[in-house]
Amino acid sequence: MTLRPDTFKSLVKVAAEQVIASAPELTALDQAIGDGDHGTNMKRGFEAVLSKLDAIGAQPLDEAFKTIGKTLVMTVGGASGPLYGSFFLAAGEALAHKKLPEDLAEVFGSGVNAVSARGRSQAGEKTMLDVLVPVLETLKADAGRGDVIERVRTTAAEAVARTAPMRATKGRASFLGERSVGHVDPGAKSSCVLLQAVCASLEAQR
Ligand code: ADP
Ligand code: MG
């Protein structure tokens, strides 16, 4: 796996377009256990990212991640904006002294730790971390394996489904207590959409 600047730019484009396309689904999930804005929040944020695509594509990878992070913090709003923003800002910081693909697990881990610190949350609370943490575990275990992309896809898809029986203890859904059970978490789904898009794009470019 190599990550050339043009590869990175097209990854960002595909991922942003996928999030925008899944806005209605994300909104429907958030209507069930939140306030119904996750789709519009994410759509607004990733439209802003798309509007900066040329600049992002021209930046060194660490700066590009930070630009994405700042853009998401400024435009997504809700709880998820600062959390996704923290992910990309911290991953960008890590990239300043790490290399891809060999340090992928460490870079991704920096992003996951930042979400956890910002959200005062951890896996098992029915949030985006219930996708991000299992994917990090897969990256740590399988980073050197040829089929890591496929394993990340499977991990993310299984992890998002596992949020349905969970009871939310963080975020708006936690206000519902037991009534949050039986619904997929919107942020877990948007993390899955992003990861699936990146994986599909990497597979197509191999
Ligand atoms: P809001 O809840 O403010 O309306 P969004 O609807 O955009 O914001 O995002 C909701 C998603 O954010 C949730 O589905 C969950 O995945 C994620 N989230 C909320 N609070 C936390 C937290 N403390 N830690 C991690 N993720 C969180
Ligand atoms: Mg919401």
Side-chain angles (χ1 to χ4, degrees), residues 15-50 65 68-91 94 107-139 152 155-198:
E17 285 170 351
Q18 280 299 315
V19 170
I20 293 165
S22 60
E25 186 186 0
L26 298 175
T27 286
L29 293 174
D30 200 31
Q31 275 163 349
I33 58 167
D35 56 356
D37 63 353
H38 191 54
T40 42
N41 288 346
M42 294 296 282
K43 181 169 183 282
R44 188 168 57 243
F46 280 87
E47 280 172 352
V49 168
L50 276 187
F65 265 69
I68 293 170
K70 284 181 210 155
T71 305
L72 295 178
V73 168
M74 287 188 301
T75 57
V76 174
S80 58
L83 293 168
Y84 275 120
S86 303
F87 180 94
F88 284 96
L89 284 167
V107 171
F108 194 85
S110 301
V112 174
N113 287 339
V115 172
S116 179
R118 168 62 68 122
R120 296 192 178 84
S121 47
Q122 53 196 342
E125 298 190 284
K126 196 178 179 102
T127 71
M128 58 177 75
L129 285 171
D130 289 304
V131 165
L132 298 176
V133 169
V135 166
L136 175 60
E137 295 308 321
T138 294
L139 289 176
V152 165
T155 301
E158 289 174 356
V160 76
R162 277 200 305 271
T163 65
M166 290 181 181
R167 180 179 178 279
T169 54
K170 284 281 151 56
R172 251 175 232 285
S174 66
F175 306 156
L176 294 179
E178 276 302 315
R179 282 183 292 135
S180 66
V181 173
H183 304 276
V184 163
D185 176 64
K189 180 66 189 185
S190 58
S191 289
C192 181
V193 168
L194 278 165
L195 286 159
Q196 296 287 355
V198 169

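Counting starts at 1 for both ligands and their atoms, following the listed order.
Relative orientation of the Y84 and H38 rings is parallel, given thresholds of 30° and 60° on the angle between their planes.
Atom OG of residue S110 and atom CZ of residue F65 lie 11.0 Å apart, to the nearest 0.5 angstrom. Within the model, atoms NZ of K43 and CG of N41 stand 12.0 Å from one another, a figure rounded to the nearest 0.5 Å. The line from CE of M42 to OG of S191 is 7.0 Å long, rounded to the nearest 0.5 Å. The CZ atom of R167 sits 5.5 Å away from the CD atom of E178 when rounded to the nearest 0.5 Å.
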Next on the checklist: With side-chain contact (heavy atoms from CB on, under 4.5 Å) as the criterion, how do K126 and I33 come out once you've worked through the C-alpha distance, each side chain's angles and the decisive distance to 0.1 Å?
Outcome noted: CA-CA 11 Å; K126 196 178 179 102; I33 58 167; 3.7 Å; yes
Checklist entry - Which is it for F108 and L132 under the side-chain contact (heavy atoms from CB on, under 4.5 Å) test, yes or no, and what are the steps along the way? => result CA-CA 9 Å; F108 194 85; L132 298 176; 3.9 Å; yes
Item to check | side-chain contact (heavy atoms from CB on, under 4.5 Å) evaluation trace for T71 with I68 | outcome: CA-CA 5 Å; T71 305; I68 293 170; 5.7 Å; no
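A donor and an acceptor atom, one from each side chain of S116 and Q122, are nowhere located under 3.5 Å apart.
Sorted by chain and number, the residues within 4.0 Å of ligand 1 by heavy atom are D30, D35, D37, H38, N41, G78, A79, S80, L83, G119, S121, T127, M128, K170, G171, R172, D185, P186, G187, A188.
For the Mg ion (ligand 2), the nearby protein N/O/S atoms, meaning those under 2.8 Å, are D30 OD2, D35 OD1, D37 OD1.
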